[in-house]
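What's counted below: heavy atoms across the whole structure, side chains too, no hydrogens, waters or symmetry copies. A note on names: the letters A, B, ... follow the listed sequences, proteins ahead of strands, and every chain is numbered from 1. Just so you know, these numbers come straight off a predicted model, no measurement behind them.
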Protein chains: 2
Amino acid sequence: MKNKVAISPETDPGVRSRIVEHAASLSPQQRKIADYCVAHMQEIPFLSVPELAERTGASEATVVRFCQRIGYTGYSDLKMALVDLIREEMNASSPASAGFESAAQDKDFLAAMARLEQQNIERTLDSIDRQTFSHVAASLFKADHIFTFGLGISAFLADYAAYLFTEYGMRSTCLATRYTSPREQLVALRPSDLVFAFSFPPYSRQTLEVLEEVGRKGVPTAVITDKPTAPAAALAKETLVVSSHGMSFNNATSAANVLLNALVLEIASRHQGETTDAISRINQILREQTYVVET
Amino acid sequence: MKNKVAISPETDPGVRSRIVEHAASLSPQQRKIADYCVAHMQEIPFLSVPELAERTGASEATVVRFCQRIGYTGYSDLKMALVDLIREEMNASSPASAGFESAAQDKDFLAAMARLEQQNIERTLDSIDRQTFSHVAASLFKADHIFTFGLGISAFLADYAAYLFTEYGMRSTCLATRYTSPREQLVALRPSDLVFAFSFPPYSRQTLEVLEEVGRKGVPTAVITDKPTAPAAALAKETLVVSSHGMSFNNATSAANVLLNALVLEIASRHQGETTDAISRINQILREQTYVVET
DNA sequence: TGCTAAATGAAATGAAAATTTCATTCAAGG
DNA sequence: CCTTGAATGAAATTTTCATTTCATTTAGCA
């Protein structure tokens, strides 16, 4: 667990209560500072002594004396307390931060892996550019045919993506390397198509070659990768970056999965008619084939 | 839901897009910094140059140079941009936007999907019986050959599982239905083998038949499914239940993924020699084949 | 009025951060 | 093999910040 250095809930009454507690013993200038603090608590972590002094009309010296009066060693100390608070706030909404460090130390690999993937998902959610996201969704829907591609671990994602797109009524094929090279399969590629690649470490050279060639032909490309600086990012028209921090060499793919699922949902919501039609037809087919076991 | 005080990409005019934009022109060290920034955007406002340098393994000078390369005058400038963002966020969500969030979530499929999968992972973590988990891990390692099987969406999991097991030095094959039925492929099955099935709605009848037949032969079976009452659970010797609540018909598979990754980690930790040998051999092969693009 | 003690800000000091300089390393191209 | 230019980190420099010192002011009080 994290070190709450010197500010454990028991010993730290909190900035606000300290101010209230010592309100009586504050000098006029210090009071102005106190008032500003309670009114703009969230601002403090980003303010320096000179700034706060300027905003309250007091001198820098008085700001520091105020901090000491209410029980901190100085302004840095008070600020740190508030920084910790704000950090807690930020992490509070995700279950991810709960106890990753401790889990990783234990032998509970399930817990460690779970926390890790929750964090990956959280980071991805924070860092995906929504505009790019929407744009990719639109491009996917617009495309005549979506060719998905990936090698190594990324192959599973490519496969899954093609499956998903098809289920949602789009035409999609995964460029498999079973019999022919992907580039052979792309000879008939048209500008109205789209190539959707997945590139995770260890980055395959072939994926980059495909992206490069397709791009040269003027066919739209999109890539899901793990870093904005990944080699594939430079070659694709659109890049979606997902967090993929792994414990070992096997990459964490949950975030990419989430992203894919979200993409098709986005598409489905924008084009209700076409997609729900496709989905219900598929469901019906499954039933007709007695594929499904009823529950 | 808690107030999320974080940088949201929609309102980010600068930092992220500047990084993506200039990604190509960044030097190796600068890339490391760029990657850290996008992955830990919320941290930056609280980090100093020395701290960031230490975390990324680059020098302080390089940190500053990175900021300048992507268009800021220096680190202070970049930090200010992020501070402004965080302040905006806080002001936007602080007042009284409790109801606003749910409305916003309706349209943010990425966020919705992310929360859903995080919950699935959380629930799985809570509900998996650790003893069964360990036992399955042991059985997998003990098996001469692991046959994985799944249909529909479960096929991807089966495929991935076979891949993972192989990477970790075990023998494993996914029973594909491309040319022959799975039952044909199982004629040579021996009691020292193991069949690992995946069964998610819509439950396929074929999966149940395979499990039943294999079980009759006295060959160990394990299944990952979504409910303890799922039809496959009754037929397999070992059952691992993962939470898989989905928004639409496409099942949420993140939890199953996490479980698989955790399983191989567990196995790897118990049998260090064999697995790490296999992994390092694989890594070497990848390098020899110039498959990998170095970064 | 004159004395005292707290309060205050200007400026000095000390500390840490940010930026620049410079010598070294490294890689690409002649 | 040598040259050249980019990249890099160590260290110097500059800037900014936090804290302390000190002289001045102010209010309370005999």
*Can you give one letter per nucleotide of nucleotides 21-26 of chain D, 5' to 3': B if a protein heavy atom sits under 4.0 Å from the base, S if only from the sugar-phosphate, - if neither?*
B-----
*Check every strand shown and say whether A:Gln68 touches a base, only sugar-phosphate, or nothing at a heavy-atom separation below 4.0 Å.*
sugar-phosphate
_A:His245 versus A:Arg123, side-chain donor and acceptor atoms under 3.5 Å_ = yes
*In whole Å, what is the span from the CD atom of B:Glu60 to the P atom of D:dT16?*
17 Å
*Rounded distance in Å - CD1 (A:Ile33) to P (C:dA7)*: 13 Å
*Consider the side chain of B:Val49, meaning its heavy atoms from C-beta on, and name the nucleotide among C:dA18, D:dT19, C:dG9 that approaches it most closely.*
C:dA18
_Neighbour count >12 (heavy atoms, 6.0 Å) for atom NE2, B:His22_ = yes
*Side chain of B:Pro50: nearest nucleotide among C:dA17, C:dT19, C:dA7?*
C:dA17
_B:Pro28 or A:Glu51, whichever maps to the more 5' nucleotide of DNA chain D_ = B:Pro28
*Could you tell me the separation between the CD atom of B:Gln30 and the P atom of D:dG9, rounded to a whole number of Å?*
10 Å
*Write down the distance between CD (B:Gln29) and C1' (C:dT25), rounded to a whole number of angstrom.*
13 Å
*Would you check if A:Val223 and A:Leu235 make a side-chain contact, meaning some heavy-atom pair closer than 4.5 Å?*
no
_Would you say A:Ser59 places a side-chain N or O within less than 4.0 Å of OP1 or OP2 belonging to C:dG9?_
yes
_With a 4.0 Å cutoff (strictly under), does any side-chain N or O of B:Lys79 reach OP1 or OP2 of C:dA18?_
yes
_Whole-Å gap separating P (D:dA7) and CZ (B:Arg31)_ = 10 Å
*Consider the side chain of B:Thr62, meaning its heavy atoms from C-beta on, and name the nucleotide among D:dT19, D:dT8, D:dA7 that approaches it most closely.*
D:dT8
*asked:* What is the distance, to the nearest angstrom, from the CG atom on A:Leu52 to the P atom on D:dT19?
replied: 12 Å
*What is the ring orientation for A:Phe46 with B:Phe46, classed by angle as parallel under 30°, tilted 30 to 60°, or perpendicular over 60°?*
parallel
*Quick one: do the A:Asn120 and A:Ser254 side chains pair a donor with an acceptor below 3.5 Å?*
no
*Just to confirm, is there a sub-4.0 Å distance from OP1 or OP2 of C:dT19 to any side-chain nitrogen or oxygen of B:Ser76?*
yes
_Would A:Arg190 and A:Val219 count as a side-chain contact (heavy atoms from CB on, under 4.5 Å) here? Give the steps._
CA-CA 7 Å; A:Arg190 279 175 278 164; A:Val219 178; over 6 Å; no
*For atom OH of B:Tyr75 and atom C1' of D:dT15, their distance in whole Å*: 16 Å
_Rounded to whole Å, please give me the gap between CE in B:Met80 and P in C:dA18._
13 Å
_A:Arg65-A:Gln68 side chain donor-acceptor pair, cut-off 3.5 Å_ = no
